[in-house]
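Chain letters run A, B, ... following the sequence lines, proteins first, then strands; residues in each count from 1.
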Amino acid sequence: MNPHPIEDHMVLMSQLYPAAYSQIIPQQEQVNLLELNFGSEHKLESERKDRLASELGLDPRQVAVWFQNRRARWKNKKLEEEYSTLKKLHDSTILEKCRLETEVLKLKEQLSEAEKEIQGLLERADRASSSNSPSSSQSMEAVDPPFLGEFGVEPYDDHVFYINGMDEWIYI
DNA sequence: CCGCGGTGCTAGTTACATCA
DNA sequence: ATGATGTAACTAGCACCGCG
């Protein structure tokens, strides 16, 4: 196929009807007018098609085909833009996911450390209570509460602690 | 209500020129 | 010379509408 059928069509028409085509509309002007019309409305009703065709000196069928192809190009471009937007969103979401996973790992490490500390404190408390009192049936009542507080761990009741800075309750 | 023809649409394809 | 790209034109299939 010829890539410039509009131009060829006009050459043919100017040969057939030299009077009517004494002033040939440049191809760029034709495209400009078509683009202008496409910009105002993508659909082409029959009346507008015929009017455009006569303004441009083209077959109405050519105008219809031009609009069909132009719509296809417009749709492709829109899809590409949508894809690009979604890809950017996807990439930033993946990045945020990685960041959050790293943070979870860090927090788990902190939690593990805190649990170790608590375990150590409990063992110390046990040793202290058993040495202070001959009765092993005694509970945590024997432990001095401020002792735990200095490590940022506050006793809530006998077996529940609130860890400062971690916003988390530990049940033992 | 139904079938039919006309029209316009989309999606996919073809043919060809142009360009890197 | 060649592969990628852009574009006019075509085709098939579908939907809608008016008419008899």
Side-chain angles (χ1 to χ4, degrees), chain A residues 1-120 151-154 156-157 159-172:
Chain A
M1 283 290 160
N2 193 311
H4 302 300
I6 292 177
E7 205 169 39
D8 280 6
H9 172 87
M10 292 187 65
V11 169
L12 178 65
M13 294 296 274
S14 65
Q15 286 166 351
L16 291 172
Y17 310 103
Y21 283 79
S22 56
Q23 291 181 318
I24 295 176
I25 306 165
Q27 192 193 0
Q28 191 52 51
E29 271 187 39
Q30 289 180 317
V31 174
N32 288 347
L33 189 53
L34 286 165
E35 287 287 355
L36 205 65
N37 272 267
F38 183 80
S40 64
E41 173 65 58
H42 292 188
K43 297 277 178 179
L44 185 65
E45 61 281 15
S46 157
E47 191 182 323
R48 193 158 70 110
K49 177 181 71 183
D50 292 339
R51 181 173 48 77
L52 251 179
S54 69
E55 276 177 28
L56 296 168
L58 296 172
D59 188 329
R61 172 69 191 155
Q62 284 180 296
V63 176
V65 166
W66 188 90
F67 264 75
Q68 284 166 14
N69 287 317
R70 188 65 183 80
R71 275 194 297 271
R73 288 197 291 274
W74 179 80
K75 190 178 177 182
N76 276 338
K77 196 181 167 200
K78 210 176 71 171
L79 282 173
E80 277 175 17
E81 285 168 1
E82 279 175 16
Y83 171 80
S84 170
T85 303
L86 285 173
K87 189 172 186 321
K88 277 179 196 158
L89 187 65
H90 173 262
D91 290 348
S92 68
T93 303
I94 292 292
L95 217 62
E96 175 68 359
K97 178 175 172 276
C98 286
R99 191 190 67 74
L100 289 171
E101 281 173 351
T102 306
E103 193 178 334
V104 165
L105 280 178
K106 219 186 301 175
L107 290 172
K108 278 181 176 171
E109 274 173 29
Q110 282 183 25
L111 178 59
S112 170
E113 288 300 312
E115 283 171 347
K116 274 184 211 161
E117 265 186 51
I118 290 167
Q119 194 55 40
F151 289 94
V153 181
E154 296 170 10
Y156 180 71
D157 62 22
H159 301 287
V160 182
F161 297 87
Y162 182 75
I163 314 295
N164 284 348
M166 293 192 67
D167 207 24
E168 189 159 3
W169 291 96
I170 304 296
Y171 301 89
I172 300 169

Any A/Phe67 side-chain heavy atom under 4.5 Å of A/Arg48 side chain: yes

Closest to the A/Arg61 side chain, choosing from C/dT11, C/dA8, B/dA11: C/dT11

Basic-acidic side-chain contact under 4.0 Å: A/Lys116, A/Glu113: yes

Separation of atom CZ in A/Phe38 from atom P in C/dA8, rounded to whole Å: 12 Å

A/Glu96, CD atom: more than 12 neighbouring heavy atoms under 6.0 Å: yes

d(NE2, A/His42; P, B/dT10) in whole Å: 11 Å

Euclidean distance, atom CZ of residue A/Phe67 to atom P of C/dT7 [Å, nearest integer]: 15 Å

For atom CG of A/Leu79 and atom C1' of B/dT10, their distance in whole Å: 13 Å

A/Ser84 side-chain N/O to A/Glu80 backbone N/O, donor-acceptor pair under 3.5 Å: no

A/Lys77 NZ - C/dT5 C1' separation (whole Å): 16 Å

Polar atom pairs (N or O), protein with nucleotides 12-19 of chain C, under 3.5 Å:
none

Rounded distance in Å - NZ (A/Lys78) to P (B/dA11): 11 Å

Spacing between A/Glu41 atom CD and B/dC9 atom C1', to the nearest angstrom: 14 Å

Electrostatic pair A/Arg51-A/Glu47, nearest N-O below 4.0 angstrom: no

Sidechain-backbone polar pair: A/Arg70 side chain, A/His42 backbone, donor-acceptor under 3.5 Å: no

Sidechain N-carboxylate O distance under 4.0 Å for A/Glu81, A/Lys78: no

Intermediate values then yes/no, side chain to side chain donor-acceptor pair (under 3.5 Å), A/Asn37 and A/Glu41: CA-CA 6 Å; A/Asn37 272 267; A/Glu41 173 65 58; over 6 Å; no

side-chain hydrogen bond (donor to acceptor under 3.5 Å, both in side chains) partner of A/Asn32, chosen from A/Glu35, A/Glu29, A/Gln28: A/Gln28

Length of the CZ-P vector between A/Arg70 and B/dC9, whole Å: 15 Å

Please tabulate, one pair per line, each protein N/O and nucleotide N/O from nucleotides 6-8 of chain B that are separated by under 3.5 Å, including the distance.
residue : atom : partner : partner atom : Å
B/dG8   : OP2  : A/Lys49 : NZ           : 3.2

side-chain N/O A/Trp66 vs C/dT7 OP1/OP2, d < 4.0 Å: no

